[in-house]
Structure formats: C-alpha cells, structure tokens
Amino acid sequence: MSETMTGAEMVIRALQDQGVEHIFGYPGGAVLPIYDALFHQDKVKHILVRHEQGAVHAAEGYARSSGKVGVVLVTSGPGATNAVTGLADAMMDSIPVVCITGQVPTHLIGSDAFQECDTVGITRHCTKHNYLVKSIEDLPRILHEAFYVASNGRPGPVVIDLPKDIQFKAGSYARPVNNQHKTYRPTVKGDMDKIRAAIELMANAKRPVFYTGGGVINSGPHAAALLRELVRLTGFPITSTLMGLGAYPASDPLFLGMLGMHGTYEANLAMHECDVMINIGARFDDRITGRLDAFSPYSKRIHVDIDPSSINKNVKVDIPIVGDCAHVLEDMVRLWRQTAPQQDMVALKEWMGKVEGWRARNCLAYRPSAETIKPQFAIQRLYELTKGRETYVTTEVGQHQMWAAQYFKFEDPNRWMTSGGLGTMGYGLPAAIGAQLANPKALVVDIAGEASILMNMQEMSTAVQYRLPVKIFILNNEYMGMVRQWQELLHGGRYSQSYSESLPDFVKLAEAYGGVGMRCDKPADLDAAITEMINIDRPVIFDCIVDKTENCFPMIPSGKAHNEMLLNDYLGETGTDIGSVIDEKGKMLV
C-alpha cells in the first residue's frame, strides 16, 4: 500500500523499514528537511558526531560489531567531502555503509552554488556504488536498493546524493517487494567442480596452510564456525590477515598468528615454504605478500572470494573459486567428510614439526623492564584483565595497532575493528562509539597512539553526550611510532617530523570533555589502573606512558619477501637470540 509523503519523509520511512535503529550524522542546510523529518519520529535515533569523517567511522564500527548496515547523514559540499576518508576506509575494508548526502537543488547543480560539490564524481572511486537522485519517483527504490548493494556480495559503502528540492517534493512511497539491484547479482555458490579440485589438492598436500581474511568475518558467524570445522578436519595450520583476526580462535594450537608485514615468524615462514595455500576471503594485498615474485614460491594456490575482481588481480592462483565464504566452506566441509581422503600423515607430521620449530623461536618475546612500561606488556595486561568479558577492540593506526594485533588474542569474530586497507589515523575512537552503541552492555576499548587519537579527538564529545563508556587506551611514546621506526631502520635514524611535540595533558583533556582521565607510567601500577579503568562507567582516556624507543617486530621491510624478516634482538629465555642485523642487500638471515 502506497502513501504520499515528502522525499525527506521517505528517507526516514525507508530507514525504519530497513530496521535501522541508529544513524550517525551532522546537520547542514542541504539536509535540514531530513533533520526535520527525524524530529517528528522516535524509531530512528540520530547520533550527533563532531566531524563527518567521525560519522562514517562510527557507522563502520557499528556495522562491524553488529553485522548490520551502518548509516550516515551529512550535508552537501564540505559535509560530503569530510566523509570521503571514511568512505574510502569502508571501501578498502569491505564495510557495509549507506551514506546519505545533501545536495543543492537540482536547478543549481553545476552552477557552483553555495556548498555545492560533485559528490557523485568525488566518491565514484571510493564507494561500491553511488546515486544522484533526480526524481522523487526514483527515491523509494534507490533508498532500499542502496541497502541491498551495500550488504550483498563484497560489502562496501554506497552514497545517495539527494538534492534539497527532492527532499521537499511529495511523492508516492511504498516499500519495494524486491529491493535487489536490477543488474547486481553477486555469485554466492561456488563452482562445484572447482571445489572438488580444491579438496583433491588439499588431500594430497604435504605442507599446507590456510590463509584467511576479513571475507570470512563478513560472511557471518556461520562462516567462522565452518572454517573452524574444516581446519580441525584437515589438521592444517592456519594464519590470518589483520582483518581476519577472530575468525579462528587465537588460542588454538593450529593458529600461527597474524601473517604479513608484522606477522609472526612461524606464519610468514609457513607461507613461504608451503606447497598448498588455501586462501579463504583474503585479497593478496601488498602488506601480506611482500615482494610478489618471491611470495609463497613453492605453493599451489586455492583462492575463495566473493569478489571476482580480486581473483588473479595481484597473485595468480591455480584454483579460483568465486563465491561467498560460508557457502564454499559448507561445500568443502561436506565433501571432505564424504570423501574421507587418505592424507600423507608422515609428511604432515614432519610439516607440523617444522612449524613448531619456527614457533619455538618465540618471535614476539621482548626485553622486560621493571622501570618502564613496554607497549607489548601493556597490551598483554589489557588482554588478560579483559579476558572472559564481552570485549570489543578498536584501534587507531601505527605501532600500537600492530602490537594490539600481535598480543591481544581474539577468540571470536566481529570483536576486532581496525583500519586495514587505508590505514586511517583517527579511526578508533569514532569506531568505538559505533561499537558501543551496537553493544551497550559490552566493554569497548580503543587502543590508540598519542598521535592518532588527536586526529578525531573531538568525538570524545559524542561519547560524553550519549553516555557511552568507551575506554581510550593510549600507548604514549611521544612519537609517531611507526614513522619513527621506519626512519630508524630504513632512513639512517633521521627523525624528520616524527616527534610529537606539544602534546596535551590527556588527563586534563578527558576532564575538559566531561570524561575521566587516568595516567600510568610504572609497570607495577598497571594492573590496578587498568582494572579501575574497566570499572568506570563513563568515557575514559587512559594515558599509558610507554618505552619511547621500542620497535614493532617481526617486520618485513617494504619490498622484501616473507623470509626476509627483521626480528627483535631479544627472543626470550626459550628463544634464540639471532639479532636484527641487516646485510648490505637489506636481507635478514633467519
């Protein structure tokens, strides 16, 4: 049954029909009709951010922690351009977001009107799809279609650019019976012949490894459960990208830790020496592959991905399977059980022995200190003191992000939210706000650096306004840590503009916003301080003063292969001290 309403009212009704509970936004002239329509209802709650970039990151955190589509509402011109960084971030990390942007009236488009910009042109390359609404008759279809496009296939951001005159116009609204896009039909079922070929290749593997990514998590909890079942059926070791952490439990003996530039020694060496690689939901990005011509040189490669454009884009594979991870994993598990393949257990035992030898190198060990808080120690204590709770972790970008990935152990999907593809400083706080809204009873912690947190610190006002008890755990080393590390190791120790001078007093800053500020600089005091932070039911900024010179290892320098890692010169009592000396060609002899 159709109803007559304005375009602005259609927006709100469509959100209600899609089950949207929260929308993140910032008002402006070109979207005031929509804000007026919001005022006259109480089903969709608007969350007022302090910057449009923060709105999109908050929507990302909401989407990633809930499995729903995140929704954003911003005005035209600078409102839309401020949102671009968040949209690019969501595009790179495959996060479903619908962003509604205001636009000048249709008769003014192209006239350089006040707060006009070519939003469709600007966002074309950082969104999955975008629309410029030119007719009130098209608006209901576009609103619902956007949710379908954002959440189906490989998820991503969709922009609806809505001129102000269309918001005022009256038209007929009826929820479409079918909101699918007329041409967008992603393949979800994998080709069975290729899946059978993959199972046969896996059955004959002597040095196999699973390589999993964010696609498993995007596919839903059933995909993660099926992945766990397949790994245990095969007995193969498994590693994960930064975005895939939590799809497989970190505590399981078959889990090798994270792969890639700051991945573990055992994960990277297993990838380098495997004979069969099973890529489930990852896209072979450069932070994983290192030098392409030396990437996993001895392996046959299986690649499962719902995005056909990711197949053979960066790395040539032997068995490409286009399909949704959950559907393909379900077929793989079923076929493995049906065929009950006879594996070469002698070869597999030898392979696992080699993997355990690499693991024994204890690559994440670090030199402890009774005087200074080591950043690795801070993450370990945060993990131990939050273990057993429903905890969601977001991060900013830098050394702290990598330490969090290395030392915070994730057992479940959707608990880890970080900016992977774009590497966006300022992501963590607004993402934590979104995650806290989606999970009001959970503990949400943003692991931050003192430089990154200042990128979107204004969102502390949003956390305070909506009484969201997010915890900002700053590893404060007074440097842009990852920049300093690269300058030290690769640029002769020339620390050009990487020292964070004139930092604010974070305790006073938290109090100025109406939150709680804490500081800790002694290892002996850390547990009590973290426990106090957890128990405070208000937004908290925790200024954890850490070793200023600590570097994040292992590290594969840019352009190097997996077997050319830089390792810490301290590998602990059970490890082997191998030093971190680089030869004249930049190769670490491991």
Side-chain angles (χ1 to χ4, degrees), residues 202 205-213 231 234-242 244-245 248 250 252-280 282 284-302 315 344 346-366 402 405-407 409 489 551-572 574-583 585-590:
M202 291 162 61
K206 300 181 187 302
R207 303 188 310 278
V209 66
F210 280 103
Y211 154 34
T212 57
V231 171
T234 60
F236 296 171
I238 178 172
T239 181
S240 169
T241 67
L242 178 73
L245 294 174
Y248 194 84
D252 192 283
L254 289 172
F255 187 65
L256 305 180
M258 185 175 69
L259 178 70
M261 180 171 280
H262 291 287
T264 65
Y265 182 74
E266 54 268 30
N268 283 321
L269 267 291
M271 181 60 74
H272 184 74
E273 297 205 11
C274 69
D275 70 340
V276 174
M277 172 211 304
I278 308 103
N279 177 336
I280 312 285
F284 291 110
D285 72 282
D286 63 291
R287 296 286 153 149
I288 293 298
T289 63
R291 202 174 86 229
L292 276 173
D293 63 355
F295 174 65
S296 195
Y298 315 112
S299 68
K300 296 286 186 180
R301 299 156 185 171
I302 300 163
V315 171
D344 187 341
V346 173
L348 289 175
K349 185 176 180 181
E350 183 180 337
W351 173 237
M352 289 308 300
K354 199 167 189 177
V355 168
E356 289 306 315
W358 293 326
R359 202 198 302 262
R361 302 294 287 272
N362 201 13
C363 71
L364 295 182
Y366 56 91
M402 294 298 106
Q406 291 173 336
Y407 294 95
K409 307 302 181 184
L489 298 177
N551 285 330
C552 184
F553 293 109
M555 173 184 172
I556 303 175
S558 181
K560 300 298 181 181
H562 279 158
N563 63 334
E564 297 178 297
M565 283 171 284
L566 306 184
L567 299 179
N568 199 337
D569 62 3
Y570 177 80
L571 295 186
T574 61
T576 303
D577 189 345
I578 64 171
S580 58
V581 182
I582 312 171
D583 69 12
K585 295 182 180 179
K587 182 173 181 179
M588 174 66 202
L589 300 178
V590 299

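Just so you know, these numbers come straight off a predicted model, no measurement behind them.
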Under the side-chain hydrogen bond (donor to acceptor under 3.5 Å, both in side chains) test, which residues partner [X], sequence neighbours left out?
{"X": "Thr212", "result": "none"}
{"X": "Lys409", "result": "none"}
{"X": "Asp286", "result": "none"}
{"X": "Arg301", "result": "Ser299"}

Task: Those residues that, when tested against Lys349, pass salt bridge (Lys or Arg N to Asp or Glu O under 4.0 Å) (two or more places apart) - done: none
TODO: Applying salt bridge (Lys or Arg N to Asp or Glu O under 4.0 Å), name anything that partners Arg359, two or more places apart in sequence or on another chain.
DONE: Glu356
Task: Arg287 CZ: over 12 foreign heavy atoms closer than 6.0 Å - done: no
Task: Pair listing, salt bridge (charged side-chain N to carboxylate O under 4.0 Å, His left out) test, anchored in residues 264-277, at least two apart - done: Glu273-Lys354
By ring pair (Phe, Tyr, Trp, His ring centres under 6.0 Å), which residues pair with [X], not counting sequence neighbours?
{"X": "His272", "value": "Tyr298"}
{"X": "Phe255", "value": "none"}
{"X": "Tyr211", "value": "Phe284"}

- [ ] Could you pull out all residues at least two apart from Asp252 that satisfy side-chain contact (heavy atoms from CB on, under 4.5 Å)?
- [x] Arg232, Tyr248, Pro249, Leu254
